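Atoms within each ligand, like the ligands themselves, are counted from 1 in listed order. Small disclaimer: the values here were computed from a predicted structure and weren't measured. For reference, positions follow the sequence shown, starting with 1.
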Amino acid sequence: MSDDVSILRQECLDALAAASGHRQWDEIRVSVLGKSGRLTGLLKQLGRMDASERKLRGAQLNRLRDELTRAIEARGDELEAAALDARLIAECVDISVPVPTGRRGGIHPVSQAVEEITAIFGAMGFAIAEGPDIETDWHNFSALNTPEHHSARTDHDTFYLPAEADGRNRVLRTQTSGVQIRTMLGNEPPIRIIAPGRTYRADHDATHSPMFHQCEGLVVDRNITLGHLKGCLIEFLRVFFGKPALPVRFRASYFPFTEPSMEVDIGWSRKTGEIGGGEDWLEVLGAGMVHPRVLANCGLDPEEWQGFAFGMGIERLSMLKNGIPDLRSFYESDVRWLQHYGTDPLTPALLHEGF
Ligand code: PHE
């Protein structure tokens with residue numbers, strides 16, 4: 001190997017070994033193999049040499065180009081791996097470090113309310129059911145006795161999704177009631193489920209958010225009456241709000257999928273905001289006896305089976321229970337808010353300890 005070639009080789013290898021980052025590595029690469037790099041320069045000179053000299057030198061230079069290309073690539077991989085390792089170490093969270101006192105995270109009020117609702121209905125023998133957030137128009141409306149042009153469809157400010165190849169129209173579910181349909185289609189009665197989950201409506205102000213949470217409830221069995229519905233919901237509300245004497249009122253209303261339908265109110269004081277006190281009423285949930293047509297849509301004989309259903313807004317219940325004034329604050333991810341309204345993560349919602 002002629003002197004200049006071996007000097008170039010050594011200098012390049014030394015520089016690579018000394019390079020400590022991608023930037024330096026790239027400078028070396030360009031200075032050797034780039035358009036006006038040193039090796040490229042030497043290769044260009046070959047054209048001016050006579051044949052025998054060119055043959056010898058050309059072979060040398062080509063071998064060097066192969067060697068240096070491989071060395072540069074290998075060093076590049078090494079530096080990349082080292083950079084990744086350094087990042088992994090720098091970004092690593094040591095979960096064994098104790099949390100500074102007073103700075104433990106908090107369970108979000110929505111999660112906490114779901115835990116509490118689940119604990120109460122769980123104790124009454126209800127299981128949890130689920131359905132998809134992206135729901136077919138049929139499950140969300142049609143099977144629930146809400147015909148094509150019914151005003152309830154527009155009342156819900158539905159987010160419609162583009163039609164899909166299977167020909168089924170889909171929506172972001174406006175209510176968890178579609179889980180009633182899925183449960184009845186997929187299970188034999190007796191049925192006793194609640195279905196907490198996200199719901200969506202195109203609405204945004206202090207008491208409405210385009211995404212919010214509901215909890216559905218469904219009981220289907222033989223000889224189910226309005227008495228069961230009332231007993232179940234009165235019990236639930238009294239335990240949830242921690243008021244054994246909480247006044248509960250059932251007021252006639254309308255939902256397409258229940259008959260009779262009712263709105264459920266709890267007693268409170270408009271003046272002080274106190275739940276259970278005062279002369280005023282506050283609507284907290286919707287309920288009713290499952291409409292015979294809905295049972296039939298799910299293949300159940302309404303002569304044999306009856307049921308009741310209910311649906312509640314989880315944020316609404318949480319706002320009332322915890323005195324949270326604005327629904328939007330639930331989704332602002334403000335840690336100060338969470339520290340104030342959040343619940344200790346190490347204290348699970350257990351019925352026997354009270355909430
Ligand atoms: N789905 C209804 C709503 O979103 C609530 C409801 C559920 C009413 C079940 C009756 C029975 O308003």
Problem set entry | Heavy atoms from other residues, nucleotides or ligands near CD of Glu303 exceed 12 (cutoff 6.0 Å) | no
Seminar exercise, completed: Numbered in order shown, the ligand 1 atoms found under 4.0 Å of a heavy atom of Gln180 are 9 (C)
Problem set entry | Ring centre gap for Phe310 and Phe121 strictly below 6.0 Å | yes
Problem set entry | Short side-chain to backbone donor-acceptor contact, Asp50 and Glu53, under 3.5 Å | yes
Seminar exercise, completed: ligand 1 atoms nearer than 4.0 angstrom to some heavy atom of Phe310 are 7 (C), 9 (C), 11 (C)
For this session: Compute the shortest N/O to N/O distance between Gln175 and ligand 1 and return yes if it is under 3.5 Å, no if not.
Result: yes
Problem set entry | Protein heavy-atom partner closest to atom 12 (O) of ligand 1 - residue, atom, separation in Å | Phe255 CE2, 3.8 Å
For this session: Considering only NZ, NE, NH1 and NH2 on the basic side and carboxylate oxygens on the acidic side, decide whether Asp334 and Arg336 come within less than 4.0 Å.
Result: yes
Exercise. Does the ring of Trp25 carry Arg75 above it, NZ/CZ under 6.0 angstrom from centre and within 45° of its axis?
Worked result: no
Exercise. Between Tyr331 and His213, what is the ring plane arrangement, given parallel below 30°, perpendicular above 60°, and tilted in between?
Worked result: parallel
For this session: Give a yes/no on ligand 1: does Met312 have at least one heavy atom closer than 4.0 angstrom to it?
Result: no
Exercise. Do Arg201 and ligand 1 have an N or O pair less than 3.5 Å apart?
Worked result: yes
Seminar exercise, completed: Note: ligand 1 atoms sitting under 4.0 Å from heavy atoms of Phe257 are 1 (N), 2 (C), 6 (C), 7 (C), 8 (C), 9 (C), 10 (C), 11 (C)
Exercise. Would one find an N or O of Ser177, backbone or side chain, under 3.5 Å from an N or O of ligand 1?
Worked result: yes
For this session: Go through the steps for Glu216 and Ser177 under the test side chain to side chain donor-acceptor pair (under 3.5 Å), then give the verdict.
Result: CA-CA 6 Å; Glu216 196 76 11; Ser177 302; 2.9 Å; yes
For this session: Report yes if Thr174 has an N/O atom closer than 3.5 Å to an N/O atom of ligand 1; otherwise report no.
Result: no
For this session: Of the side chain and backbone of Ser261, name the one, both, or neither that has a heavy atom under 4.0 Å from an atom of ligand 1.
Result: neither
